[in-house]
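Everything numeric in this text was worked out from a predicted model, so none of it was measured. A, B, ... follow the sequence lines: proteins, then strands. Residue 1 opens every chain.
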Number of protein chains: 2
Amino acid sequence: MGQTMHDHAATHDHGCGGAPEAIARAERLCRERDLQFTRLRRDVLAAVAGQTRPMGAYDIAEALSEPGRRVAAVSVYRALDFLTEHGLVHRIASRNAFVSCGHSHTDGAGLVFLICRNCGTIDETTSPEVEDQLGRTLAKAGFRPTSRILEVEGECGACLGRSAEE
Amino acid sequence: MGQTMHDHAATHDHGCGGAPEAIARAERLCRERDLQFTRLRRDVLAAVAGQTRPMGAYDIAEALSEPGRRVAAVSVYRALDFLTEHGLVHRIASRNAFVSCGHSHTDGAGLVFLICRNCGTIDETTSPEVEDQLGRTLAKAGFRPTSRILEVEGECGACLGRSAEE
DNA sequence: TGTTGGGGTGATACACTGTAACACTCGGGC
DNA sequence: GCCCGAGTGTTACAGTGTATCACCCCAACA
């Protein structure tokens, strides 16, 4: 995708292993739940999973379009709706963009997104401790949560190391 | 403004005390830091602080416009940039909307937004414990944070109580 | 007094993000 | 064959945010 500068993506890899693994996982999940893993959904997932940086819906549409096939943004949104609904991709609210999910995904709880403001990559971790404390805080406030987003912006370890060695 | 259905806002009030307090705080802060608290900025802050629900930039523009004065969204965005930069209002990323800050604001750390999916009000709390655990998690990941957003959607205490008594 | 320069604002235009509505296809069941 | 539902294509549009330029005001300063 006409992109330089993320050769280190292979070293990073946040546990997802890239597009093939993500697709295999999705196929399995759709079989289990009797869902349709159509070509469009597969292609959208592949496009997102092939990047460590978040992709906008229109980026995806453009990436999938080629002479002979024009993928409209609407279709991409529908596919993304499906994929997010089943936890295969996540929406990054602070960027209006999407990343493929790295975890074998127990239940979507306690997710933390680490967004590097330098290289743009997004890492995904979970923290039961944070989740635990947050649950306590919410209970104290008398608030019953249904979903939560936790996104941190800053500098990732790779970029910190790179700037330190200069 | 021109809004029904939030009569309970007075009972809620999340510690901010409404628009007058928010404006007094802003005036003080701007004096201290030698910043200009212009009419537009004051009006935008007043509009946002007068609501417990988040307002979109275009809502604000419309609320401030009247025969004889037309406030363009662009101007609102500029005022909002100023206000968020100095911690007087916060952006709710999951809603593309803005709320006035309720805290006398030490440093913007550890903020948690509680968004009620029923009544739409937004409460704001801080949790040092969550903050602490999150800091630990980030350190473990080798990530240096510069900003973070933590937004929880669910049902607020008031709505839970109201639905329970039926 | 004039003028110069910067911050704030107004206005228009535009890019990006997301949704509504409707038509079409395709496959399965009757 | 017909119907029906899910998925997709297409167009149009609403909502969100930014770029750009012109203007005003006011303070600084010659």
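If you check residues 28-40 of chain A against DNA chain C, you find no residue with a heavy atom closer than 4.0 Å. For the segment residues 71-82 of chain A, the set of residues with a heavy atom within less than 4.0 Å of an atom of DNA chain C comprises A:V74, A:Y77, A:R78, in numerical order.
Partners of A:R91 by salt bridge (charged side-chain N to carboxylate O under 4.0 Å, His left out), not counting sequence neighbours: none found. Not counting sequence neighbours, the partners of A:F113 by the ring pair (Phe, Tyr, Trp, His ring centres under 6.0 Å) test are A:H90. For B:S94, the side-chain contact (heavy atoms from CB on, under 4.5 Å) test picks out A:I149, B:I92, B:I115, B:E151, with sequence neighbours left out.
Within the structure, ring-ring contact (aromatic ring centres under 6.0 Å, His included) contacts touching residues 39-69 of chain A (residues at least two apart or in different chains) do not occur. Applying the salt bridge (charged side-chain N to carboxylate O under 4.0 Å, His left out) rule to pairs touching residues 30-39 of chain B yields B:R39-B:D43, sequence neighbours excluded. Applying the side-chain hydrogen bond (donor to acceptor under 3.5 Å, both in side chains) test to pairs two or more places apart or on separate chains, those with a residue in residues 131-143 of chain A are A:E131-A:R148, A:D132-A:R136, A:T137-B:S127.
Taking a heavy-atom distance under 4.0 Å as the criterion, the stretch of DNA chain C touched by chain A extends 5' to 3' from C:dT17 to C:dA21. When DNA chain D is scanned in the 5' to 3' direction for atoms under 4.0 Å from non-hydrogen atoms of chain B, the outermost contacting nucleotides are D:dT16 to D:dT20.
B:L150 belongs to a hydrophobic cluster whose other members, connected by ILVMFWY side-chain contacts under 4.5 Å either directly or through intermediates, are A:V112, A:L114, A:V130, A:L134, A:L138, A:F143, A:L150, A:V152, B:V112, B:L114, B:V130, B:L134, B:L138, B:F143, B:V152.
More than 12 heavy atoms of other residues, nucleotides or ligands shown are found within 6.0 angstrom of CD on A:E129.
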For residues 71-82 of chain A, tabulate all N or O donor-acceptor pairs below 3.5 Å that involve a side-chain atom, not counting sequence neighbours.
none

